[in-house]
Amino acid sequence: MNLNKSKLQEMCQARGWTFPKYSSNQQGPPHQPRFSASVLVHGFTFNTKTMLTSKKEAECCAAGLALDYFDENPQPPQPKRTKCFSFPAQPSHIASLPPPSSPGLLSHTYKEKEIWNETTSTEGKKDTYELELMLAEERKLWQREKHQLQLKNIELENQIDMKNNELEHCRKELQHMNERAESEQKKAENLIALAEKRKRESEKLHSEIIELKDQLQAKQAVNEDFEAQKNIKALEQMLKEKEQELTDLSEFYNALIFKERSNNDELQGARKELIDGLKNHSKIYIGVKTLGDLDLKAFQVAAKRRYTALEEANERAVELCSMWEDYVGDSNWNPYKVIMDETGKRMEIIDEEDKKLKNLKTELGDEVYKVVTTSLMELNEHNSSGRYKIQELWNFKAGRKATLKEGVAYILKQWNALKNTKGRRN
């Protein structure tokens with residue numbers, strides 16, 4: 001439809017006619033205007049009788065009517081006056097026919113009536129044809145709008161799929177970053193421990209070297225005899241041996257650090273592979289647990305005690321579970337207190353006097369309180385730096401983090417069971 005105006009102008013130029021002249025009419029409120037338009041081409045006027053949403057669309061519709069007419073009439077007669085194509089309420093020429101003035105003009109009046117009947121029949125057919133053209137144009141317009149809406153719907157669905165894929169990619173990237181941060185933290189802790197050990201050993205060797213030097217100087221000052229020289233040489237030899245021992249220890253320490261880094265990388269890679277492989281397995285013995293997730297069942301039991309309608313209780317349980325998962329992951333909330341154990345070591349435990357936890361226990365009961373406090377302690381132990389959700393290899397039977405050895409043993413046990421099952425089938 002948008003090309004109708006260009007096509008009409010090209011047709012007028014090709015036929016040597018003057019260019020089309022458009023006029024439009026606006027109706028309706030300013031925030032929702034409606035437009036009609038007309039176009040004058042070679043003495044013929046074409047009007048749109050339906051109100052459209054824009055001036056451009058109305059002019060294109062009028063141009064389409066003109067194109068349809070001139071396609072059907074390649075050589076239209078030259079009109080004596082401007083002819084308007086629209087939906088007339090009644091023939092405009094009826095009022096122009098004068099009534100018979102006297103009996104002497106009766107034959108002339110009969111001829112005028114015959115001419116009037118022929119004219120009325122011809123223009124009625126033209127009006128019917130124009131009406132059919134208008135209806136066909138409206139149907140075409142409706143089909144185009146329907147097709148555009150379908151295309152927009154498909155485009156929106158594709159955009160939604162793209163956004164979902166982007167969210168999934170971001171989630172995987174975040175998980176990878178969390179795992180890498182945990183690995184780097186453990187490496188840093190191991191390196192700090194090794195560095196402190198090396199520092200203590202170096203300080204010890206340095207003290208021994210200073211002590212030997214002092215003894216050597218004392219021997220040189222007091223004894224000048226043969227025995228003194230012998231002892232001095234022995235001390236010098238011992239000093240060289242200690243210096244060589246210090247050099248060897250430094251080289252051994254560097255090799256140890258390199259080996260520890262390699263082994264730690266291999267262990268972390270193996271642990272990650274175990275976590276990826278056991279994500280969808282049952283959680284009876286060894287599996288993957290998302291630390292920070294709360295058990296919805298406990299909230300459902302508590303909600304059913306407070307709400308009689310099952311649907312309302314389930315909805316409220318989901319809302320409460322989501323709210324407390326946000327609380328658990330909020331690092332600004334610190335529901336812990338520090339105590340000293342029997343050995344004098346500092347340790348963090350749940351602060352039972354915390355206002356939020358006391359309200360939780362009063363409103364939802366001991367079971368929900370236990371679920372929330374257990375999740376807080378697990379995150380504080382395994383991800384205290386950020387308190388965000390992490391996936392961890394878990395020993396569900398013992399209720400603790402599973403070792404790599406336990407995970408490998410579980411995989412081998414499952415593999416042997418599957419192998420025996422296949423053997424019996426064969």
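Along the sequence shown, residues carry numbers from 1. Just so it is clear, the values below take in all heavy atoms, side chains as well, and ignore hydrogens, waters and symmetry mates. Being a predicted model, the structure only gives us computed values, none of them experimental.
- Taking every heavy atom of both residues into account, N4 and G64 meet most closely at ND2-CA, 3.6 Å.
- Between V368 and L360, the closest side-chain pair of non-hydrogen atoms falls below 4.5 Å.
- Side chain of Y336 to main chain of L376: a donor-acceptor pair is present (N/O by atom type, distance under 3.5 Å, no hydrogens or angles).
- S207 places a side-chain N or O within 3.5 Å of a backbone atom of E203 that can act as its donor or acceptor partner.
- At least one donor-acceptor pair closer than 3.5 Å links the side chain of E325 to the backbone N or O of L294.
- With respect to the salt-bridge test (charged N to carboxylate O, under 4.0 angstrom), the residues E184 and R180 do not qualify.
- The shortest non-hydrogen separation linking C12 to V41 is SG-CG1, 3.6 Å.
- Judged purely by atom type and a 3.5 angstrom limit, T48 uses its side chain to pair as donor or acceptor with the backbone of A37.
- Distance alone, capped at 3.5 Å, places no donor-acceptor pair between the R316 side chain and the A303 backbone.
- In this structure, the side chains of L52 and L141 come closer than 4.5 Å at one or more pairs of heavy atoms.
- Of the charged side-chain nitrogens involved, none lies within less than 4.0 Å of a carboxylate oxygen, so that K370 and E367 do not count as a salt-bridged pair.
- Nearest approach of G365 to R305, heavy atoms of both residues: CA-NH2, 4.2 Å.
- Heavy atoms from other residues, nucleotides or ligands lying under 6.0 Å from CD of E189 number more than 12.
- Between the side chain of T362 and the main chain of K358, a donor-acceptor pair closer than 3.5 Å is present.
- The two residues E137 and D68 make their nearest non-hydrogen contact at OE1-OD2, 3.8 Å.
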With side-chain contact (heavy atoms from CB on, under 4.5 Å) as the test, would you mind laying out the steps for V301 and K304 before giving the verdict? CA-CA 5 Å; V301 172; K304 288 177 182 178; 5.9 Å; no
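- For F44 and W17, the gap between ring centers reaches or exceeds 6.0 Å.
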